[in-house]
2 protein chains.
Amino acid sequence: MGLTKTEKFTDQQNTVAKFAKAFAHPARVAILQHLFNIDTCVCGDLVNEIGLAQPTISQHLKELKQLGLIQGNIEGTSVCYCINKENWNNMKNTLLPFLDQDLTQKTSCC
Amino acid sequence: MGLTKTEKFTDQQNTVAKFAKAFAHPARVAILQHLFNIDTCVCGDLVNEIGLAQPTISQHLKELKQLGLIQGNIEGTSVCYCINKENWNNMKNTLLPFLDQDLTQKTSCC
DNA sequence: TTTGTTCATTGAAATATTACGATTAAATAG
DNA sequence: CTATTTAATCGTAATATTTCAATGAACAAA
């Protein structure tokens, strides 16, 4: 147990869950928000910006990178991160239709 | 450790994470999708619809109910669930601006 | 009343996630 | 070459999540 039974669900449902997981921790939300606010690459100052230890930030960045939502380029001795526009749009195309479903209920029994 | 350091983040960041967590498991995505598809209350057949044990479904329903995204009414011997429209809209108002941020980068160093 | 149905709760086991100290790797500066 | 800086990785500890068998509570039907 403790193991998500992925095979019981559709690809779409698993994909929605996978992307949602990226935003399911405030540190990752904060990292992404900072990348948007800066509106360019962030080189190095993420550890100062967010108040967590360097290995922790590094781990969150790794997860976001594995999902493809951000990308990192080595810039001398530091690493620069930014949003991966294409994959961010892919994520939006997956999540928005789910979140934006129509709420008109034909019959309301509740 | 293993404990999210909520106090390091803004209320908005914690709220985004909290809502995203609702969608971070395919079973909960499937439950919500079924409620949307049926477009009315679902009484009972969620366990058959999703292939997980009854206590597991019950727990996922509990989490969605605690977040306010769904509501349940007792209907004789069964319980009817449906989307809570008002809170679903609140959730959308929190998540959509985050997901829909502008992607025009002034300078691109990546 | 007894039996069956439906769903919540409890308890426990397994896996996942979060966090950080210590270390390593790579690049630069002197 | 050595020291410094920056970030990834390793190892580990703590908490969280997922799952389900067993049980309980509420109600309906017999």
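Because only heavy atoms are used, hydrogens play no part in the values below, and waters and symmetry mates are left out as well, while side chains stay in. These figures come from a predicted structure and were not determined experimentally.
Base engagement by A:Thr56 is indicated by at least one non-hydrogen atom pair under 4.0 Å involving a base atom. Among the protein residues, B:Lys21 comes within range of the sugar-phosphate backbone only, with heavy atoms under 4.0 Å from sugar or phosphate atoms but none that close to a base. Across all strands shown, B:Ser58 has heavy atoms under 4.0 Å from base atoms, whether or not it also approaches the sugar-phosphate.
Taking atom CG of B:Leu64 as the reference point, atom C1' of D:dT18 lies 14 Å away to the nearest angstrom. Between B:Asn48 atom CG and C:dT6 atom C1' there is a gap of 12 Å when expressed in whole angstrom units. Residue B:Lys5 contributes atom NZ, which lies 14 Å from atom P of D:dA14 at whole-angstrom precision. Between A:Ile50 atom CD1 and C:dT18 atom C1' there is a gap of 14 Å when expressed in whole angstrom units. Rounded to an integer number of Å, the gap from CD of B:Gln66 to C1' of D:dT17 is 14 Å. Atom pair B:Gln59:CD and C:dT9:P shows a separation of 10 Å (rounding to whole Å applied). Atom pair A:Leu61:CG and C:dC20:P shows a separation of 14 Å (rounding to whole Å applied). Put simply, CG on A:Asn73 is 18 Å from P on C:dA26, counting in whole angstrom units.
Put simply, B:His25 has no side-chain N or O that comes within less than 4.0 Å of OP1 or OP2 on C:dA16. For B:His60, a side-chain nitrogen or oxygen approaches OP1 or OP2 of D:dT19 to under 4.0 Å. The phosphate of D:dC27 (OP1 or OP2) has no side-chain N or O of B:Thr77 nearer than 4.0 angstrom. Considering only side-chain N and O atoms, B:Lys62 lies nowhere under 4.0 angstrom from the phosphate OP1 or OP2 of C:dC7. Between B:Tyr81 and C:dT6 there is no side-chain polar atom (N or O) within less than 4.0 angstrom of OP1 or OP2.
When each of D:dT18, C:dG21, C:dT18 is scored by its nearest atom to the side-chain atoms of B:Thr4, the top-ranked nucleotide is C:dT18.
The CD1 atom of A:Ile70 lies 12.0 Å from the SG atom of A:Cys80; values are rounded to the nearest 0.5 Å. Distance CG/B:Asn37 to CD/B:Glu49: 9.0 Å, rounded to 0.5 Å.
Nearest-nucleotide mapping onto DNA chain D: of A:Asp45 and B:Pro55, the residue sitting toward the 5' end is A:Asp45. Toward the 5' end of DNA chain C, the nearer of the two residues A:Ala24 and A:Gly76, judged by each one's closest nucleotide, is A:Ala24. With DNA chain D read from its 5' end, the first of the two nearest nucleotides for B:Ala27 and B:Leu3 is the one closest to B:Leu3.
Contact annotation: side chain of B:Gln54 to base of C:dA8, donor-acceptor pair present below 3.5 Å.
Judged by distance alone, the side chains of A:Gln33 and B:Gln12 do bring a donor and an acceptor atom under 3.5 Å apart.
Side-chain atoms of B:Asn87 come within 3.5 Å of backbone N or O of B:Gly68 as a donor-acceptor pair. In this structure a side-chain-to-backbone donor-acceptor pair under 3.5 Å is present from B:Thr94 to B:Asn90.
In this pair, A:Phe23 and A:Trp88 present their aromatic rings perpendicular. The plane angle is above 60°, beyond the 30 to 60° band.
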